[in-house]
Colleague: 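Submitted below is the structure of interest, expressed as structure tokens.
Here is the naming used below: chain letters follow the sequence lines, and residue numbers restart at 1 for every chain.
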Amino acid sequence: GAVVSQHPSWVICKSGTSVKIECRSLDFQATTMFWYRQFPKQSLMLMATSNEGSKATYEQGVEKDKFLINHASLTLSTLTVTSAHPEDSSFYICSAPRSGVPDTQYFGPGTRLTVL
Amino acid sequence: ELKVEQNPLFLSMQEGKNYTIYCNYSTTSDRLYWYRQDPGKSLESLFVLLSNGAVKQEGRLMASLDTKARLSTLHITAAVHDLSATYFCAVDRTSGSRLTFGEGTQLTVNP
């Protein structure tokens, strides 16, 4: 079964609104989670590293004030796209490495965001 | 900056044929991953390669890693339609699970 879940699976929103996406590790604790973005027909690009109990680390070119990340517990990270615009429409995927299972990273099912 | 390049980007092949997908990366890394993605879906883990010379096989897919050449291959044997998908290789940048992905290879297996 799935070990990392995301909610919602898809969301359509109006331009200018904010959207929150949740990523949960279901049966293990994840002190670190990763957020990726995938535009249609493109590869995955790492946006940021979510760290439980501390600030997220953003990749170069990713606006931290636009993509707010909160890692409030050992099983939950949230990504909030603030003031979303059509160019933010994408497939957002989170992942989490599993402690004690070396070199294994579990990917969530993804959230498809469409901004009208 | 780590760059990961896959070749080819698009591949159409007939069932029963063999082919190899290549993944080159630009800086030293000792962790290379192969994933499969079906349309509209997330990633399915195929292989994790951790050392030079590592070879792993699962069904009709076999992956290998040459860290000296900074090259990994994904070999498809006797392709079947169910293998149609996009395949990504990814390299762990800093041993901290931050992955850099290749562009992906869109594979179509025709009956």
Side-chain angles (χ1 to χ4, degrees), chain A residues 1-10 21 23 25 28 30-52 56-62 77 90-114, chain B residues 1-11 21 23-26 29-51 54 56 58 63 65 67 72 85-108:
Chain A
V3 295
V4 174
S5 69
Q6 284 184 239
H7 176 79
S9 300
W10 57 269
I21 303 170
C23 176
S25 55
F28 66 99
T31 56
T32 301
M33 292 183 176
F34 300 94
W35 287 97
Y36 293 85
R37 178 169 56 184
Q38 184 180 32
F39 292 110
K41 300 294 186 182
Q42 294 188 23
S43 187
L44 282 76
M45 297 294 292
L46 179 65
M47 298 176 66
T49 303
S50 175
N51 303 300
E52 190 271 334
T57 306
Y58 291 82
E59 297 298 312
Q60 192 172 7
V62 177
S77 174
S90 187
F91 194 45
Y92 292 86
I93 305 174
C94 69
S95 72
R98 185 164 187 165
S99 300
V101 186
D103 307 302
T104 299
Q105 189 155 178
Y106 296 98
F107 283 82
T111 296
R112 186 162 304 282
L113 169 64
T114 301
Chain B
E1 179 188 350
L2 173 61
K3 293 188 187 296
V4 182
E5 295 182 340
Q6 288 181 233
N7 182 49
L9 301 181
F10 298 92
L11 174 60
I21 299 171
C23 174
N24 290 275
Y25 54 99
S26 61
S29 175
D30 56 3
R31 285 178 176 81
L32 190 135
Y33 302 79
W34 283 97
Y35 295 94
R36 168 181 171 146
Q37 186 179 38
D38 291 295
K41 304 290 186 182
S42 188
L43 300 181
E44 174 189 350
S45 179
L46 295 175
F47 301 108
V48 180
L49 302 169
L50 301 176
S51 61
K56 290 193 176 180
E58 181 73 33
L65 178 62
T67 58
S72 180
T86 299
Y87 293 85
F88 291 97
C89 64
V91 176
D92 191 335
R93 302 180 195 180
T94 58
S95 299
S97 298
R98 293 166 63 234
L99 300 182
T100 299
F101 282 80
E103 305 99 319
T105 297
Q106 185 176 323
L107 170 65
T108 303

Colleague: Give, as side chain, backbone, both or neither, the part of A/Glu59 having an atom under 4.5 angstrom from any heavy atom of chain B.
Modeller: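 Contact with chain B is through the side chain of A/Glu59 alone.
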Colleague: Between A/Ser25 and A/Phe28 (side chain of the first, backbone of the second, donor and acceptor by atom type, cut-off under 3.5 Å), is there such a pair?
Modeller: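 Answer holds: yes.
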Colleague: With a 4.5 angstrom heavy-atom cut-off, could you sort out which part of B/Glu44 is near chain A: side chain, backbone, both or neither?
Modeller: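 Looking at B/Glu44, nothing touches chain A.
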Colleague: Please look at B/Gln6 and chain A and tell me whether the side chain, the backbone, both or neither of the residue comes under 4.5 angstrom of a heavy atom of that chain.
Modeller: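 Interface part for B/Gln6: neither.
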Colleague: State whether the side chain of B/Lys56 and the backbone N or O of B/Leu49 hold a donor-acceptor pair below 3.5 Å, judged by distance alone.
Modeller: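 Flag not set: sc B/Lys56 to bb B/Leu49 has no pair under 3.5 Å.
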Colleague: Under a 4.5 Å cutoff for heavy-atom pairs, which residue among B/Thr86, B/Leu43, B/Thr100 has the most contacts with chain A?
Modeller: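 Answer, by heavy-atom pair count under 4.5 Å with chain A: B/Leu43.
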Colleague: Counting only non-hydrogen atoms closer than 4.5 Å, does A/Gln6 touch chain B with its backbone (N, CA, C, O), its side chain (CB onward), both, or neither?
Modeller: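 For A/Gln6, there is no contact with chain B at all, as no heavy atom is under 4.5 Å.
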Colleague: Identify the heavy atoms of B/Ser45 and B/Tyr35 that sit nearest to each other, and give their distance.
Modeller: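 That closest heavy-atom pairing would be CA-CD2, 3.6 Å.
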Colleague: For the residue pair A/Pro8 and A/Ile21, what are the closest heavy atoms and their distance?
Modeller: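 A/Pro8 and A/Ile21 have their closest heavy atoms at CD-CA, 4.4 Å.
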Colleague: Identify which one of B/Leu99, B/Asp92, B/Leu50, B/Val91 satisfies the side-chain contact (heavy atoms from CB on, under 4.5 Å) criterion when paired with B/Leu32.
Modeller: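 Exactly one candidate clears the test, B/Val91.
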Colleague: Examine whether an atom of A/Ile93 lies under 4.5 Å from a heavy atom of chain B, and if so say whether it belongs to the side chain, the backbone or both; otherwise answer neither.
Modeller: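 Side chain of A/Ile93 only, per the 4.5 Å heavy-atom cut-off to chain B.
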